[in-house]
Amino acid sequence: MSRNDRPIGVFDSGIGGLTVVHALRQRLPQEEIVYLGDTARVPYGTKSHHTIERYTLQAGEALQAFDPKLLVIACNTASAHGLPALQAASPCPVVGVIAPGAEAASKEVGPVGVIGTLATVQSGAYEQAIRRHKPDAAVHSVACPLLVALAEEGWLDDPLTESVCRRYLNALPFEVKAVVLGCTHYPVLKASLDRARPGTRWIDSGEVTAQAVERLLKGSLGFRTASPRGSLKVLLTDASSRLQEVGSRFLGEPLAHVEVVDL
Ligand code: DGL
C-alpha cells in the first residue's frame, strides 16, 4: 500500500476522543482512521505523569500494527504528558491536540482561558505552548473534572450542567473572552458552556487539530486517494453497556462495530 493510503491512528483515554475523529472525518472524509480508546483505564485526567506517559506509549505501540502514516493523540491529558515520549519512540510522526489549540489561542487579543482535566491543567502544557507563540500571553487555566462525567451522562444542554459550567468558568477573570476547550469531552457541552459564559469564543482543540492534520497531509504525508470515503475502525480496551449510546454522541454518527483489544 502506498504511504498516502495508509490509515491515521488516533488514540484517546476513552471514547471522548471520538469528538476529534468527528472533526477529522468532517474535514478529511477520504482518510481511513483506526481509533484506539483505552476505556479499561479511563480516566487519565486524575492520574500521574508517569502513568499517563506509560499508557500513551503502550497505545502508540499497539497502533503501529496498522502501519499508520500518522498518529494523533486526541486526548488532551495524554498530549500534555505523553507526546514527547511517543514522538521519540514512534516510527511515524505523532501530533497532539495541545499545540494546535495553543496556536489558535495565541492569535487571540487579550487574556485567554484554558479548561481541561486536572492533569492537563497541572502540567502547564497549554501555557507553555501558547507562550511559545506569544511570550507575554496571559493564560488562565481552570480544571473542570466534573464536566467529563456530565458529558458522558448525556446532560449536554441541561440546567445542572450549565450551573456546574458557570461555577468553573467564574474562576476566570472577566477580561477572558476566548477559552480553549482543552478536553475531548467539552465540545458536546458547548450549549451549556455558552449559556454559562455568553459571548465567549470557544477554541475547539479537536477542530484545530483536524486543520493541523490537513496541513501535514498536504505536505509530505499525502492524502488518501484509494476511495472518497475512508473507513473508521474502533478498538477499545473495554466495552461497557452504554458504549454505543455515549460513543455515538461524541462521534456525531452511529458507532457501529467495536473491537475489544488488550494493551
Ligand atoms: N480524554 C481526556 C482529555 O481530553 C478526558 C478524559 C480523561 O480524563 O481521560 O483530557
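No experiment lies behind these values; they were computed from the predicted model shown. Numbering of ligands and ligand atoms starts at 1, following listing order. Side chains included, hydrogens not; waters and symmetry mates left out as well; all remaining heavy atoms used.
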Under 3.5 Å, which donor-acceptor pairs do the side chains of residues 251-263 form with other protein atoms, sequence neighbours left out?
{"from": "E253", "atom 1": "OE1", "to": "R25", "atom 2": "NH2", "distance (Å)": "3.3"}
{"from": "E253", "atom 1": "OE2", "to": "R25", "atom 2": "NE", "distance (Å)": "3.2"}
{"from": "E259", "atom 1": "OE1", "to": "K233", "atom 2": "NZ", "distance (Å)": "3.4"}

Under a 4.0 Å heavy-atom cut-off, what residues line ligand 1? D12, S13, V42, P43, Y44, G45, C75, N76, T77, T117, C183, T184, H185

Check: G37 main-chain N/O paired with D12 side-chain donor or acceptor under 3.5 Å: no

Listed pairs under 3.5 Å, donor-acceptor, residues 168-187 side chains, sequence neighbours left out:
{"from": "Y168", "atom 1": "OH", "to": "L146", "atom 2": "N", "distance (Å)": "3.0"}
{"from": "N170", "atom 1": "ND2", "to": "R166", "atom 2": "O", "distance (Å)": "3.4"}
{"from": "K177", "atom 1": "NZ", "to": "F174", "atom 2": "O", "distance (Å)": "3.2"}
{"from": "H185", "atom 1": "NE2", "to": "E152", "atom 2": "OE2", "distance (Å)": "2.7"}
{"from": "Y186", "atom 1": "OH", "to": "G116", "atom 2": "O", "distance (Å)": "3.2"}
{"from": "Y186", "atom 1": "OH", "to": "C144", "atom 2": "O", "distance (Å)": "3.3"}

Step through the shown structure and confirm whether more than 12 heavy atoms of other residues, nucleotides or ligands are within 6.0 Å of CD on E153. yes

Does any pair with a residue in residues 55-94 pass ring pair (Phe, Tyr, Trp, His ring centres under 6.0 Å), and if so which ones, sequence neighbours excluded? Y44-Y55, H49-H81

Do we see a donor-acceptor contact under 3.5 Å between the side chains of Q244 and R249? no

